[in-house]
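A quick write-up on the structure given underneath.
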Amino acid sequence: MDKQMVDLFLVMKQKYFAAEHLPYIRERLMQLTDEQFHTINGVELMDPTVMLLVSIFGGYLGVDRFLLGDIPMGALKLITAGGCGIWTVIDWFQIQDKARQKNFETIAQYFSILS
């Protein structure tokens with residue numbers, strides 16, 4: 001894969017991933033063909049900032065956890081009104097990292113499928 005295309009991908013999407021995941025992503029992107037790269041480029045990723053806003057405004061209903069695919073925790077937050085607000089506040093500080101981790105898991109899954 002062209003180094004400039006990989007660098008552009010990483011610059012455009014670096015906010016979606018934790019800094020420690022970027023070297024792995026760069027390495028895997030360099031191994032892809034052009035067709036595979038375009039497939040990876042089209043993968044839907046969650047914006048951590050949007051997830052924070054969702055958590056602030058709908059976290060007490062578990063909406064943030066449902067969007068992350070954590071259905072049991074989302075249901076528990078829904079039933080308990082965010083654990084009486086405690087889980088809601090905790091998620092305000094953790095939800096962006098959880099979204100970045102989910103994005104990494106998603107793209108890693110695509111890498112394994114394409115390999």
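The figures here come from the full heavy-atom set of this structure, side chains too, leaving out hydrogens, waters and symmetry mates.
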Single-linkage hydrophobic cluster, 4.5 Å side-chain cutoff, W87 and V54 together: no

CZ-CG distance between F9 and L29, expressed to the nearest 0.5 angstrom: 5.5 Å

Single hit among Y16, F111, Y110, Y24 for ring-ring contact (aromatic ring centres under 6.0 Å, His included) with F104: Y24

Residues in side chain to side chain donor-acceptor pair (under 3.5 Å) contact with Q14, at least two apart in sequence or another chain: none

Would you give me the side-chain donor-acceptor pairs under 3.5 Å for residues 69-79, sequence neighbours excluded?
residue: D70; atom: OD2; partner: R65; partner atom: NH1; Å: 2.7
residue: K77; atom: NZ; partner: G59; partner atom: O; Å: 3.2
residue: K77; atom: NZ; partner: D64; partner atom: OD1; Å: 3.2
residue: K77; atom: NZ; partner: D64; partner atom: OD2; Å: 3.2
residue: K77; atom: NZ; partner: D91; partner atom: OD2; Å: 2.7

All side-chain contact (heavy atoms from CB on, under 4.5 Å) counterparts of F57, not counting sequence neighbours: L53

Straight-line distance of L8 CG to K13 NZ, nearest 0.5 Å: 10.0 Å

4.5 Å side-chain heavy-atom contact, K3 and M30: yes

Pairs of donor and acceptor atoms involving the side chains of residues 36-48, under 3.5 Å and at least two apart or interchain, shall be tabulated with distances.
residue: Q36; atom: OE1; partner: T33; partner atom: N; Å: 3.0
residue: Q36; atom: OE1; partner: T33; partner atom: OG1; Å: 3.4
residue: Q36; atom: NE2; partner: L114; partner atom: O; Å: 3.0
residue: T39; atom: OG1; partner: E35; partner atom: O; Å: 3.1
residue: D47; atom: OD1; partner: T49; partner atom: N; Å: 3.0
residue: D47; atom: OD2; partner: K15; partner atom: NZ; Å: 3.0

Shortest non-hydrogen separation from K102 to L68 and the atoms involved: CE-O, 3.3 Å

Single-linkage hydrophobic cluster, 4.5 Å side-chain cutoff, M12 and I25 together: no

F17 vs I107 side-chain heavy atoms within contact, under 4.5 Å: yes

Within one Ile-Leu-Val-Met-Phe-Trp-Tyr cluster: I95 and I56, side-chain cutoff 4.5 Å: yes

D2: partners by salt bridge (charged side-chain N to carboxylate O under 4.0 Å, His left out), with sequence neighbours left out: none

Contacts of A18 that satisfy side-chain contact (heavy atoms from CB on, under 4.5 Å) - sequence neighbours left out: E20, H21

Gap between atom CG of L32 and atom CZ of R28 - 0.5 Å precision: 7.0 Å

W92 (side chain) donor-acceptor with S55 (main chain) under 3.5 angstrom: yes

Other residues, nucleotides, ligands: >12 heavy atoms within 6.0 Å of Q94 CD: yes

V63 reachable from I90 in the ILVMFWY side-chain graph, under 4.5 Å edges: no

